[in-house]
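Here is the structure we will look at.
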Number of protein chains: 2
Amino acid sequence: MAALAKLLEVAPSALYNHVSSKQDVLLLVEDHLMSLVDVSSFGAAPWDDAVRTWAWSYRNVFAEHTPLIPVIAVLPVTDAPQTLAMYETVSKGFLDAGFPQERIISAIVALESFIFGSAYDVTAPEDIFDPGTMAESTPYFTAAVRGAAGTALRAADAAFILGLDALIDGLGSLRREAD
Amino acid sequence: MAALAKLLEVAPSALYNHVSSKQDVLLLVEDHLMSLVDVSSFGAAPWDDAVRTWAWSYRNVFAEHTPLIPVIAVLPVTDAPQTLAMYETVSKGFLDAGFPQERIISAIVALESFIFGSAYDVTAPEDIFDPGTMAESTPYFTAAVRGAAGTALRAADAAFILGLDALIDGLGSLRREAD
DNA sequence: ACCTGAACACCGTTCAAGT
DNA sequence: ACCTGAACACCGTTCAAGT
């Protein structure tokens, strides 16, 4: 709140004429960020391409705002119009792609869970898996870390691609018809 | 720090004789929590069963400590012995199951991202997806939410099962041999 | 309607002083 | 070696007083 007030060149207490709490501000920020998530491929491209485009932009938006993740993950969607608009487009995309009604929310939540977790990875230090002085007592892990270093991709991106492909394949098999 | 000091019946400043910062305390807590994650099925059960057991216990441990997730997701693993021990067992399990060396870390990170995101869902309010007054402007989403309500499972569990199955199937296809 | 400034109850952390 | 208590620079929030 102090930082926001400074940005607006106003006393912190002045903010409380416009919002009733910090939580309130976070809800407004969340709703704005959701409007930045790209849902334009739903209806315009095959389901798996649309999910991929949506998931990447969703992850990238929140990778730049990780402190919001704990808030959003638990924040009711009520009265957040942009957020609801995103869910509406995605839900329709899943239904049109042949998903059974009763699995759509679970499928979206599963993807979102993966997306939020992956957003953190983007901000993690490159050497997060450095075993340090304990390298010789963890030979398998150390070898795996060394083996992964060869890739051109950032570690977070390699994991995101792998997981997203798996989720799209696995969830896609729930569909009744192709689309 | 204040709460911890109270629990120990000591002044907050006394803690700094034992740790050098709050971050330090969090690392110790993280390491302890990691020792609670069940890796016992690796080597004792088929790979997919072992992953399922590990993922469920991992999610459940952190669902009860969600404030730690932003910290852990970004905390270097160096000098966290229990954490390294967990990664060592899991890495060996993946290698023995036929995973190519250079994909093991990515596969584990993808699973962890999903697990951390899913841990938040457990703590979310039941009505997090209630569209409220905007129900009629979001018909597809509202129908999907209503359609999901029929399940006996908690919403977080239904999504976790769905996503975990998809990840296990998709990642499992990277293996060179069955095990 | 919207602002300021003082105040309150909290944070994490430092440091001089004790035992 | 480990503690206390005062102090510091911060939080989010309330509220009386202003315009």
Side-chain angles (χ1 to χ4, degrees), chain A residues 1-36 61-83 116 119-125 127-128 132-133, chain B residues 1-36 61-83 116 119-120 123-125 127-128 132-133:
Chain A
M1 301 303 274
L4 177 58
K6 187 168 226 172
L7 206 72
L8 299 172
E9 293 178 324
V10 111
S13 55
L15 300 176
Y16 292 86
N17 286 299
H18 306 275
V19 293
S20 63
S21 66
K22 185 181 178 182
Q23 190 78 355
D24 233 61
V25 175
L26 294 175
L27 197 150
L28 293 169
V29 175
E30 179 212 358
D31 207 40
H32 172 252
L33 290 178
M34 285 298 193
S35 77
L36 302 178
V61 165
F62 285 96
E64 306 209 333
H65 302 276
T66 50
L68 273 170
I69 294 177
V71 181
I72 297 155
V74 156
L75 210 60
V77 105
T78 319
D79 303 320
Q82 309 284 354
T83 305
F116 288 144
Y120 280 123
D121 296 335
V122 177
T123 68
D127 64 338
I128 188 175
T133 61
Chain B
M1 300 302 275
L4 177 58
K6 186 169 227 171
L7 206 71
L8 299 172
E9 293 179 324
V10 113
S13 54
L15 301 176
Y16 291 86
N17 286 299
H18 306 275
V19 293
S20 62
S21 65
K22 185 182 179 182
Q23 191 78 356
D24 232 63
V25 175
L26 294 175
L27 198 150
L28 293 169
V29 175
E30 179 214 359
D31 207 40
H32 172 251
L33 290 178
M34 286 297 192
S35 77
L36 302 179
V61 165
F62 284 96
E64 306 210 332
H65 302 277
T66 50
L68 273 171
I69 294 177
V71 182
I72 297 155
V74 155
L75 210 61
V77 103
T78 319
D79 304 320
Q82 308 285 354
T83 305
F116 288 145
Y120 281 122
T123 68
D127 64 339
I128 188 174
T133 62

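Every chain is numbered from 1, with letters handed out A, B, ... down the list of sequences.
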### Query
Of all of residues 6-15 of chain B, which get a heavy atom below 4.0 angstrom from DNA chain D, listed by number?
V10(B), A11(B), S13(B), A14(B)
### Distance below 4.0 Å between H18(A) side-chain N/O and dC3(C) OP1 or OP2
yes
#### Entry: Stems involving DNA chain D, each a run of at least 3 consecutive Watson-Crick or G-U pairs under 3.5 Å
C:4-8 with D:12-16, C:12-16 with D:4-8
### Message
Taking the minimum atom-to-atom distance to the side chain of S21(A), which one of dT13(D), dG12(D), dT13(C) wins?
### Response
dT13(D)
### Task
Can you measure from NE2 (H18(A)) to CG (L8(A)) and round to the nearest 0.5 angstrom?
8.5 Å
### Query
Which pair of heavy atoms, one from P12(A) and one from A2(A), lies closest together, and at what distance?
CG-CA, 4.4 Å
### Query
Atom CG of L4(A) and atom C1' of dC10(D): how far apart are they, to the nearest Å?
17 Å
### Task
Can you measure from CG (L27(A)) to CG (L75(A)) and round to the nearest 0.5 angstrom?
4.5 Å
### Message
Taking the minimum atom-to-atom distance to the side chain of M1(A), which one of dG12(C), dC3(C), dG12(D) wins?
### Response
dG12(D)
### Message
Per the side-chain hydrogen bond (donor to acceptor under 3.5 Å, both in side chains) rule, what does the pair list look like for residues 25-35 of chain B, sequence neighbours excluded?
### Response
D31(B)-T83(B)
### Query
Rounded to the Å, how far apart are N17(A) CG and dC15(D) P?
13 Å
### Query
Is there a donor-acceptor contact under 3.5 Å from the side chain of T123(B) to the main chain of Y120(B)?
yes
### For the student: nearest non-hydrogen atoms of I69(A) and F116(A), plus distance
CD1-O, 3.7 Å
### Task
Can you see which heavy atom on S20(B) is nearest to which on D24(B), and at what distance?
OG-OD1, 3.6 Å
### Residue Y16(B), side-chain atoms from C-beta onward, closest of dT13(D), dC11(C), dT13(C)
dT13(C)
### Task
Rounded off to whole Å, could you give me the NZ-to-P distance for the K22(A) and dG12(D) pair?
5 Å
### Heavy-atom closest pair, residues L15(A) and M1(A)
CD1-O, 3.4 Å
